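For reference, the structure is listed below as structure tokens.
Fair warning: this is a prediction, and the values are worked out from it, not measured in the lab.
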Amino acid sequence: MAKVKKNRKAVVSPQPYKFRRRYSLVDIFIHKEKRFLYFIAFSLLLAGVVYPFHGIAMWVGFAFAGYSAIANDSIQTIGTFIGSNEDKKWYWQWLFMGLIFVATITYSWYIYDGDVTYQRLASKGFEHTPTSFVYLQLAAPIILLLLTRFRIPVSTTFMLLSVFTINSEAIGSMISKSVTGYIAAFVIALFIYLLLTKVIKRFVKGEAHFLWTAAQWCISGFLWHIWLAQDLANVAVYLPRQLNVYQLLAFIGFIFLGLGVLFYMKGDRIQNIINEKSDVRDVRSATIIDLVYALILYYFKEVNNIPMSTTWVFVGLLAGRELGMRLRAHDNSTKFAKTFSLIGKDVVSISIGLIISIILAVSINPVFQQSIMDFMFK
């Protein structure tokens with residue numbers, strides 16, 4: 001009698017598969033971090049090679065500053081925009097914000113005779129085009145990239161502008177204006193959300209109407225324009241104060257492509273600073289945040305042309321918003337502790353950036369070194 005062979009299937013234990021998958025994910029993470037560290041090492045070496053050559057160094061510094069500033073500052077103007085438009089194609093978001101960028105830069109360049117910063121670099125201490133560079137001036141935006149990797153919302157204004165000023169009073173003016181902006185944003189947001197939290201929650205119930213999306217895109221575009229007028233000085237500080245047509249095209253082209261990468265990556269790691277806050281993924285909440293932020297920035301833009309940290313303003317806005325919502329909700333002490341922890345973490349982050357920028361400025365600038373010596377031995 002013929003034996004019937006049974007079709008035996010190999011039984012594979014699920015446990016080794018899980019271990020293999022975990023190892024694979026860890027391996028991918030380590031590989032990505034290694035590539036990033038290789039890039040940082042290469043960038044630091046490149047900065048060391050090119051900094052004595054002024055014509056090359058200014059464009060290398062601009063490239064580093066442009067990439068690091070956009071990557072770090074994505075949490076401010078387009079962070080809520082990205083978070084609340086996850087269902088939209090990334091390239092439509094890119095084209096929308098990219099064209100606003102092109103229009104904003106071109107307008108400033110035309111009106112202010114080649115100046116793309118809306119005369120932010122015409123203020124005292126920044127008005128002269130750099131005629132030479134030191135190593136740390138090119139290394140500053142690379143350090144900013146490292147801090148961005150750790151999801152620290154550092155002020156690019158302090159990190160990048162402080163290493164170029166030849167006047168110690170310029171940094172004092174920037175700090176004063178930035179602290180005022182933080183306090184103003186905190187108080188305004190606290191007041192709005194303390195009084196109007198219930199009203200706002202009525203708006204964010206259920207499915208958002210299409211008009212909310214249209215309003216958010218318009219308000220985000222206006223905010224993006226105002227932010228560019230404030231913060232592009234951080235990138236343009238490496239370049240001549242008046243750009244010719246070819247320099248303008250290079251400036252626009254590099255930033256425009258960098259924005260495309262940022263939208264493709266959905267804000268990258270720094271986007272988590274936005275996503276951990278309450279209700280920011282809802283288009284209606286994001287619209288209200290962007291509107292308040294845009295109006296505050298517009299006010300400070302009109303006050304004077306002294307550069308300021310928009311990061312400090314934005315962090316103050318989110319802090320006031322979180323505290324106002326928590327107070328209005330009458331939550332328990334555990335949730336209050338979490339709110340204060342978030343606020344404290346953001347304040348520590350921007351303070352770290354300020355300390356590092358001051359250390360860099362003192363290391364580079366003999367004017368600051370002399371000021372400190374005069375203060376210590378006065």
Side-chain angles (χ1 to χ4, degrees), residues 61-62 65-66 68-70 72-73 75-77 108 115-130 134 136-137 140-141 143-144 147-148 152-186 226-239 241 293 296-317 319 346-372 375:
F62 157 74
S68 60
I70 290 174
N72 190 277
D73 287 349
I75 64 165
Q76 300 177 31
T77 51
S108 177
D115 180 8
V116 295
T117 69
Y118 286 78
Q119 295 189 315
R120 288 294 175 270
L121 293 179
S123 60
K124 188 176 181 181
F126 303 101
E127 67 272 24
H128 300 295
T129 299
V134 298
L136 286 178
Q137 287 175 323
I143 296 171
L144 181 58
L147 295 175
T148 300
I152 298 177
V154 182
S155 169
T156 56
T157 300
F158 292 132
M159 281 292 293
L160 300 182
L161 290 189
S162 62
V163 296
F164 281 94
T165 179
I166 59 174
N167 189 332
S168 58
E169 294 179 1
I171 287 189
S173 299
M174 286 195 304
I175 293 175
S176 177
K177 188 175 181 180
S178 300
V179 170
T180 302
Y182 178 93
I183 295 173
F186 181 88
I226 296 297
W227 179 86
L228 288 170
Q230 281 279 2
D231 263 32
L232 274 181
N234 306 340
V235 178
V237 68
Y238 289 87
L239 301 176
R241 297 300 178 256
Y293 185 36
I296 294 172
L297 282 189
Y298 180 78
Y299 170 76
F300 281 101
K301 173 180 174 291
E302 297 300 316
V303 168
N304 54 49
N305 64 353
I306 296 174
M308 70 177 297
S309 171
T310 54
T311 301
W312 283 38
V313 177
F314 186 70
V315 170
L317 173 64
D346 290 344
V347 171
V348 168
S349 296
I350 59 176
S351 299
I352 289 173
L354 175 60
I355 293 170
I356 293 174
S357 64
I358 291 175
I359 291 173
L360 288 174
V362 172
S363 302
I364 293 170
N365 200 321
V367 175
F368 290 140
Q369 297 169 9
Q370 187 61 46
S371 298
I372 292 174
F375 176 79

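- The CD atom of Gln230 lies 9.5 Å from the CZ atom of Phe300; values are rounded to the nearest 0.5 Å.
- Interatomic distance, CH2 of Trp312 versus CE of Met174, reported as 10.5 Å (0.5 Å rounding).
- A 4.5 Å side-chain heavy-atom check between Tyr182 and Val315 finds at least one atom pair inside the cut-off.
- Between the side chain of Ser108 and the backbone N or O of Tyr118 there is at least one donor-acceptor pair closer than 3.5 Å.
- Checking side-chain atoms of Tyr238 against main-chain N and O of Gln137 turns up a donor-acceptor pair under 3.5 Å.
- In this structure, CG on Leu228 lies 11.0 Å from CG on Leu297, to the nearest 0.5 angstrom.
- Put simply, the side chain of Trp227 does not reach to within 4.5 Å of the side chain of Leu232, judged on heavy atoms.
- Summarising the geometry, atom CE belonging to Met308 is positioned 9.0 Å from atom CG belonging to Asp231; distances are rounded to the nearest 0.5 Å.
- In terms of heavy atoms, Arg120 sits closest to Ala233 at CB-CB, 3.7 Å.
- Nearest heavy-atom pair, Ser309 versus Ser178, reported as atom, atom and distance to 0.1 Å: N-OG, 2.8 Å.
- The distance from atom CG of Leu317 to atom OH of Tyr293, rounded to the nearest 0.5 Å, is 8.0 Å.
- Here Thr117 pairs with Asp115 under the side-chain hydrogen bond (donor to acceptor under 3.5 Å, both in side chains) rule; sequence neighbours left out.
- When each of Leu121, Leu144, Leu161 is paired with Asn234, the side chain to side chain contact (heavy atoms under 4.5 Å, CB included) condition holds for Leu161 and for no other.
- In this structure a side-chain-to-backbone donor-acceptor pair under 3.5 Å is present from Thr129 to Arg241.
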